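Report on one structure; see the data block that follows.
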Amino acid sequence: MSPMPTRISSDEVAHVARLARLSLTQEELDRFTAQLGAVLEHARDVEALDTAGVPPTAHPLPLENVFREDEAGPCLDRAEVLAQAPAVEDERFRVPRILGVTP
Amino acid sequence: MTAADASGRRAENASGRRAGNASGRRAGWEVVVGLEVHAELRTRTKLFCACPNSFGDEPNTNVCPVCLGLPGSLPVINRAAVEFAMRIGTALNCRVQPSLFHRKNYFYPDMPKDYQISQYDIPINADGWLELPSGRRIGIERAHMEEDTGKTTHMGGGGRIHDAAHSLVDYNRAGVPLVEIVSAPDIRSADEARAYVDELRAILVATGASDGKMEEGSLRVDANVSVRHAGSSEYGTRCEVKNMNSLRSLGRAIEYEAQRQIEVLTEGGSIVQETRHWDEGAGRTGSMRSKEEAYDYRYFPEPDLVPVNPSQAWISEVSSSLPVLPAARRDAVAAASGIPAGDDSVVTVVRLDLDRYVEAVRSAGGPDGAETVAVRRLANEVASQLESLEHLSEESFASLVAMETEGSLTPAQSRTVLKELLESGGDPRAVASRLGFEALAAGALSEIVDQVVAEYPDEWARFAGGEDKLMGFFAGHIRSRSGGNADMKEASALLRSRRG
Amino acid sequence: MSLASAVEVAAGVKDGTVSARAVLEEHLGRIERHEGQVHAFNTVTADRARAAAEAVDAAVTSGRDPGPLAGVPVALKDNLCTRGVPTTCSSRILEGWIPPYDATVVSRLQAAGAVIVGKTNLDEFAMGSSTENSAFGPTRNPHDLDRVPGGSSGGSAAAVAAGFAALGLGSDTGGSIRQPAALCGVVGAKPTYGLVSRYGLVAFASSLDQIGPFARSVADAALLLDVIAGPDPADSTSFREPPPRASERLGAGVEGLRVGIVTELTDAEGISADVVERTREAADALSAAGAKVDEVSVPAAVYGLSAYYLIAPAEASSNLARYDGVRYGLRASGSKDITDMYLRTRSAGFGAEVKRRIMLGTYALSAGYYDAYYGKAQQVRTLIIRDFETAYRDFDVLLGPTAPGTAFPLGAKTQDPLTMYLNDVCTIPSNLAGHPAISVPFGTGADGLPAGVQILAPALGEVVMFQVAAVLEAAAPDLPVPQLIRSEVAR
């Protein structure tokens, strides 16, 4: 497991912003780079802890096998749903062109 | 010739080669294929909510806060989907194990939450295999559960994404349960890929988990294709090929892509790892490369769900409730008929669910070799007349096959009776009788042959001396003397052995 | 008049002594007079509330049981989905969004006869400790209008403190109920993770979020919690068994109970001396009431803040991806393609703190960093749980400060995110462990502003937790009536 780097670079901030579909001004990029760096620096104390062999806790709950039965239930009223949509055409959600971003 | 001419000639040759037959160009190269198959499960409701799992309804009518990903919504796992996933895994000889759901994060308008709930490094089924009719085993790395996306329709530009002006999204399909079956890269040809999908589809249908219809989208296949020098153990760089909507497309796309890669490498280039889109009309794959860097899905365990840990009792119950699977059915037909399990006739009989007729013949008792005859008739005559199957009862088929096997009917007569049974049903003996097909008594054919030979001594002398064309002369007389009831193959054999 | 408790209101409405409508009008009157200064609400639902109150009165008149919260005015944090009523999470990206469904807790409240008066302000998407991150302006502390009410559930805390409602619901991911409760001088509790359904709570950090009560008394908080707690088939992370009843042993006292003062909390970074004093006084009060009080160490608790600021943003970055302009909420106009639309919508729709946490979370999950950040933080979580388990072998409940200090001035901590994050240092360990915790007002700071003290209990330990909280409450110095309504309300 690689150790945590001390700072985050503005290139890395720009990269994660893109992954998260946020566009930042240069000023924001600089400001956030400094702020995120400070938070991550503070988080280094976690590195000091010996966690070898410690299982991660994804959940504080001891539950497993929570299911529902395969029975149909009520759906939403389409008009109520589409009333909240920014753009609708032909009872479907309309979006601008998608241009080759298929993952 | 000039350099321009030469490159032009190369280009012409290239397209000519692409259009032509594949096998000759492959010398020295091996194609390596892994397939990812997504099967829609036949549950009543979606994977994480109670909306109907139904195809073809009015857009956006089978939606709720959960499958629309509305703020505040939460998923709850459909037990039947888990059961189906376990059935599939068991049928593919996988280890069924405790598993987690993970989030796969990426932005796309058909994804209501902009993440997909899927399974990552701890899937419900792992490390299985599938046996092709040829006997080759293809490894199954995993068969995991995940939710389907909505459907996007691209408007303007002929329906293709690249030229579209805008798109419309319908979320009826969002949240439908899928099992994704990932094979090991063990497939070595386009034909083998088709055989794999065919077999997998039959297994899925047998388990009841999916109806496996590629053309309707309930079975989707993506291919990972790479090439390497024959005999090499290193894997080449692979490309993922998508958008193949039929078995035929799958085969064509793999052929094309393999050839494309071979040409690139032969000309000294290298393969870029990317996703390519199969264009059925143009007969080629095209790059779907976007401006994005390689996708970082940032998988992490789904915090809104708890682990799935099927009990031993549940796993055993699933295992024991599976029907006989296609490979085992082929083996049964092979054992009964003596025809190898991988033979086309056996494959056809099982694929078309005609093996119940073989079983009927087997359990009716009767002459040795009846099952062999049965398979032949089923694969040849019945297979092309499936729409008439309702007229053909298992009993009358068994009875007909017995008659042919014991010699009461010649193969030609048997085919005629069978055709009649398929058209209008009935009892084979009655049909045979009505058509005037009667059994020749045991030594009757031999007697007729003797008579005819005796009546035409001159022709016989010439035939015995080597004039083979007189076979037809004798055959004709034998046939009319027997009123058409002679087995002509047997008659010819007798004539030949008579002359020594 | 004094501010009536929920218990009193429900009893009075039920036996016909007072009408739900009258109770409501009294509260709406206070809202009308003072909400302009406090800004506790994003939406006041006066008409709906009147209809609900009338329905309760009609039930009472016709002899039907109106429910355990009959006629009680309740304020809901604006990240709880309410059908037909805007639910904004105090964000531009959901401005005007009207959910087509109710959160489970909302349905339970309505079935119990509660009267919902409005949706309260919060830090945007529950990210913050002062309610200053709201896109619609901050809420002000009713005790001192130049000061913050705490956050992220500042609006609900202020609404209850100011008498705009008798009860409030908030959500607590890292302390967002307890800390504002302490700063506003009210009771605020975070239940055991899984006790209350999260269906309909707009998610921030799914493995940490819990909905919980605000009230002016421990008994009121218990009453509300008992109404909303319990299994929900719509939430896979809710317990399947019947919940412990918070009200069960409210009067049982603390004789013989073992109380541990958590040294890592009293010694935490930035804790003020007077808050530590109040904690010691609270410990003395419990001791005087018969509890066995001692100090205890929960060593891994000091890593809680760091682990939290990796886990919570990571989950949030994924939970907030859905705000993309496609199906609801804000969509930036004039986008040339969908990626452009995503970028412009989210950049315009989210405030700075939300963007910061989304990026931090995305980074913590990204390829190459998952093990070092998110993965490691989940291991730290295990260590915290283990250290709590060890502590609970020798103690029934634990004690500590709630917040590092009293209410700070608006703008005092907005320059540096890290300074703001330190507000959560005492509350975060309970979220990471999934354990319940409650803040009870206990005196004031040197500045005369309310101080709160925290009781922590093991998972599903609500009964003993409320039991001890009730004793603390009884022993606590008198609560200052908020400046804002002092002239209207006698003690």
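Just so you know, these numbers come straight off a predicted model, no measurement behind them. A note on names: the letters A, B, ... follow the listed sequences, proteins ahead of strands, and every chain is numbered from 1.
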Give, for atom NE2 of H166(B) and atom CD1 of I98(A), the distance between the pair rounded to the nearest 0.5 Å. 10.5 Å
So which heavy atom on V66(A) is nearest to which on I77(B), and how close? O-CB, 4.0 Å
If I take atom CG from residue D90(A) and atom CG from residue D170(B), how far apart are they, to the nearest 0.5 angstrom? 10.5 Å
Measure the CZ-CG distance between R18(A) and D296(B) for me, rounded to the nearest 0.5 Å. 14.0 Å
Does any heavy atom of chain A fall under 4.5 Å from the side chain of C67(B), the backbone, both, or neither of them? neither
Please classify the contact of P65(B) with chain A as side chain, backbone, both or neither, using a heavy-atom distance under 4.5 Å. both
Working for side chain to side chain contact (heavy atoms under 4.5 Å, CB included), residues V308(B) and N65(A): CA-CA 5 Å; V308(B) 175; N65(A) 293 333; 4.2 Å; yes
Of all heavy-atom pairs between E91(A) and P59(B), which one has the smallest distance, and what is that distance? O-CB, 4.0 Å
Would you please say whether a donor-acceptor pair under 3.5 Å links the side chains of E64(A) and N309(B)? yes
Please identify, among R94(A), Q84(A), E69(A), the residue contributing the most non-hydrogen atom pairs under 4.5 Å to chain B. R94(A)
So CG of L19(A) and OH of Y297(B): to nearest 0.5 Å the spacing works out to 11.5 Å
Under 4.0 Å between a Lys/Arg side-chain N and an Asp/Glu carboxylate O for E71(A) and R44(B)? no
Non-hydrogen atoms of chain B under 4.5 Å away: do they reach the side chain of A87(A), the backbone, both or neither? neither
L305(B) CG to L63(A) CG distance, which is reported to the nearest 0.5 Å: 11.5 Å
Flag for T45(B)-R68(A): side-chain donor and acceptor within less than 3.5 Å: yes
State the CG-CG distance between D70(A) and N78(B), to the nearest 0.5 angstrom. 4.0 Å
Would you find a donor on one side and an acceptor on the other, under 3.5 Å apart, between the side chain of N62(B) and the backbone of C75(A)? no
Could you walk me through whether N60(B) and R78(A) pass the side chain to side chain contact (heavy atoms under 4.5 Å, CB included) test, one step at a time? CA-CA 6 Å; N60(B) 292 306; R78(A) 179 167 68 184; 4.0 Å; yes
Minimum-distance pair of heavy atoms, taken over all atoms of F67(A) and V76(B): C-CG1, 4.1 Å
Toward chain A, the part of T152(B) with a non-hydrogen atom under 4.5 Å: side chain
Could you tell me which portion of Y171(B) (side chain, backbone, both or neither) has an atom closer than 4.5 angstrom to a non-hydrogen atom of chain A? side chain
Between R97(A) and S167(B), does any side-chain donor sit less than 3.5 Å from a side-chain acceptor? no
